[in-house]
Student: 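Below is one structure. I have some questions about it.
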Amino acid sequence: MNSEAGLNTVRIVVALVFAAAAVLALLSLFKLQYIRPLALLILFISLVPLLTLLGSAHWIDSLGGFPAIGSGQGVIKYFALTAIGLTLLSRSASQSQRYIWLNYLPVGLVLLWIGGMKFTAIEAQGIEGLVSSSPLMAWLYSIFNIQQASNLIGIYDLIALIILALGIVMRPLFWPGVLLCAAVFVATQTFLFSYPGSWQSPGVLASSGIFIIKDLWFIANLLIMIDIRKRQNCPVEMRCLSAF
């Protein structure tokens, strides 16, 4: 879209699609018949922006392009919705190991990719405003310089995704992995309160706020993994409740 009128049309359509997904999500809490249309709509919502990764706009040319990702950091978060949609479509997901891996993949991908970017100067400088505003993380800059602090965050991300991957096959590591990864996404949500650039005006998220709030999808991936693992641990003679 090259015209403002065209962009306005796109904004209205996107708003209606997201609103429809929210309504279907609410209805699916009461009637199972709405889960399938919700899953299909979630897949549609995720796949459309993911296709933009095929273009060049999201890659940092100065760092050699792919896999040096810039604005696409917000786009790759839609992989979380893809996993959620595919899980909701399957009746066998409630105890299937492959659906634990499916929901791990977007979590591992974003921690590997964006965590890996933390070792670059452009990303270290890009997160400075977020980190310095956070009461949970600002202390890093009193001990380390901007790049060192970013490196430590990247190392944490990589450790978290490795431990969670190991936890899928080594049960004692499952909960430590989940908690380490969840800490990343929960801490990110605090930026909505600490970082002024998260909001355009009261109740209206800025681009930074939209980027931040998408991490809630990864929390959903983790909750699905926990639910499936709970079902796997449930004795055959007991009927365990499940979201699926």
Student: So, R231 side chain and S96 main chain: donor-acceptor pair closer than 3.5 Å or not?
Tutor: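 Absent.
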
Student: Would a single hydrophobic cluster contain both Y34 and L32, if residues Ile, Leu, Val, Met, Phe, Trp and Tyr are joined by side-chain heavy-atom contacts under 4.5 Å?
Tutor: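 Per the 4.5 Å side-chain linkage, L32 and Y34 are co-clustered.
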
Student: Looking at every heavy atom in both I76 and L50, which two are closest together, and how far apart are they?
Tutor: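 Taking I76 first and L50 second, the nearest heavy atoms are CA-CD2, 4.3 Å.
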
Student: If you count heavy atoms of other groups shown closer than 6.0 angstrom to CZ of R171, is the number above 12?
Tutor: yes

Student: Where do I35 and L88 come nearest, in terms of heavy atoms and distance?
Tutor: CG2-O, 3.7 Å

Student: So for atom CZ, which belongs to F44, do other residues, nucleotides or ligands contribute more than 12 heavy atoms lying within a distance under 6.0 Å?
Tutor: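 No - once you tally the heavy atoms of other residues, nucleotides and ligands closer than 6.0 Å, there are 12 at most.
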
Student: Could you tell me which non-hydrogen atom of I213 sits nearest to which non-hydrogen atom of Q189, and how far apart they are?
Tutor: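 Heavy atoms of I213 and Q189 come nearest at CA-OE1, 3.6 Å.
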
Student: For K214, what residues pass the salt bridge (charged side-chain N to carboxylate O under 4.0 Å, His left out) criterion, not counting sequence neighbours?
Tutor: none

Student: About how many Å separate CD of Q147 and CD of Q125, when rounded to the nearest 0.5 Å?
Tutor: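 CD of Q147 is found 8.0 Å from CD of Q125.
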
Student: Please report the interatomic distance CG(D227) to CG(N103), rounded to the nearest 0.5 Å.
Tutor: 10.0 Å

Student: Give a yes/no verdict on a cation-pi contact between K77 and F211, requiring under 6.0 Å between NZ or CZ and the six-membered ring centre and an angle within 45° of the axis.
Tutor: yes

Student: Enter the distance from F218:CZ to L111:CG here, rounded to the nearest 0.5 Å.
Tutor: 8.0 Å

Student: Would you compute the distance between atom CG of N233 and atom CZ of F174 and round it to the nearest 0.5 angstrom?
Tutor: 9.0 Å

Student: If you define the side chain from C-beta out and look only at heavy atoms, does anything of I60 sit under 4.5 Å from T120?
Tutor: no

Student: Check whether S134 reaches the backbone of V131 with its side chain - one donor and one acceptor, N or O, closer than 3.5 Å.
Tutor: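 Such a contact is absent between S134 side chain and V131 backbone.
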
Student: Hey, is the main chain of I69 close enough, under 3.5 Å, to the side chain of E123 for a donor-acceptor pair?
Tutor: no

Student: Could you tell me the separation between the CE atom of M117 and the CG atom of L63, rounded to the nearest 0.5 Å?
Tutor: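 Output value for this atom pair is 6.0 Å.
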
Student: Regarding Y99 and S90, do their side chains bring together a donor and an acceptor under 3.5 Å, going by distance alone?
Tutor: yes

Student: Mind checking the CG-SG spacing from L222 to C181? Nearest 0.5 Å is all I need.
Tutor: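 With rounding to 0.5 Å, CG (L222) is 6.0 Å from SG (C181).
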
Student: For Y141, does the OH atom have more than 12 heavy-atom neighbours from other residues, nucleotides or ligands under 6.0 Å away?
Tutor: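 Above 12, so yes.
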
Student: Can you see which heavy atom on S28 is nearest to which on L38, and at what distance?
Tutor: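 Heavy atoms of S28 and L38 come nearest at OG-CD2, 3.7 Å.
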
Student: Can you tell me if W199 uses its side chain to pair, donor with acceptor, with the backbone of P196 under 3.5 Å?
Tutor: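 No; judged by distance alone, with no hydrogens or angles, the pair does not exist.
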
Student: Examine distances only and state if a side-chain atom of Y104 and a backbone atom of L161 form a donor-acceptor pair shorter than 3.5 Å.
Tutor: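 Judged by distance alone, yes, a pair lies under 3.5 Å.
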
Student: Restricting to non-hydrogen atoms, name the atom on A83 and the atom on P106 that form the minimum distance, rounded to 0.1 Å.
Tutor: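 That would be CB-CG, 3.9 Å.
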
Student: Working note: W217 + Y78, criterion ring-ring contact (aromatic ring centres under 6.0 Å, His included); need CA distance, chi angles, decisive distance, verdict.
Tutor: CA-CA 8 Å; W217 298 338; Y78 282 89; 5.0 Å; yes

Student: If we ignore hydrogens and angles and just use 3.5 Å, is the side chain of S150 paired with the main-chain N or O of K118 as donor and acceptor?
Tutor: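 Side chain of S150 to backbone of K118: a pair is present.
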
Student: Using a cut-off of 6.0 Å, state whether more than 12 heavy atoms not belonging to L166 lie near its atom CG.
Tutor: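 It does: L166 CG has more than 12 such atoms within range.
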
Student: Would you say the side chain of L112 lies within less than 4.5 Å of the side chain of L158, judging by non-hydrogen atoms?
Tutor: yes

Student: Any idea which heavy atoms bring G85 and A39 closest together, and the distance?
Tutor: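 Closest heavy-atom pair between G85 and A39: O-CB, 3.4 Å.
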
Student: Ignoring hydrogens and geometry, is there a side-chain-to-backbone donor-acceptor pair from Y156 to L180 under 3.5 Å?
Tutor: yes

Student: For N145, does its backbone N or O pair with a side-chain atom of Q148 as donor and acceptor, under 3.5 Å?
Tutor: yes

Student: Would you call the rings of W59 and W113 parallel, tilted or perpendicular if under 30° counts as parallel and over 60° as perpendicular?
Tutor: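 Geometry flag for W113 against W59: parallel rings.
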
Student: State, yes or no, whether a side-chain contact exists between V178 and R229 at a heavy-atom distance under 4.5 Å.
Tutor: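 The answer is no, as the side chains (C-beta and beyond) never meet within the 4.5 Å cut-off.
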
Student: Quick one: are M225 and I168 in side-chain contact, heavy atoms under 4.5 Å?
Tutor: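 In short, these two side chains touch, coming nearer than 4.5 Å.
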
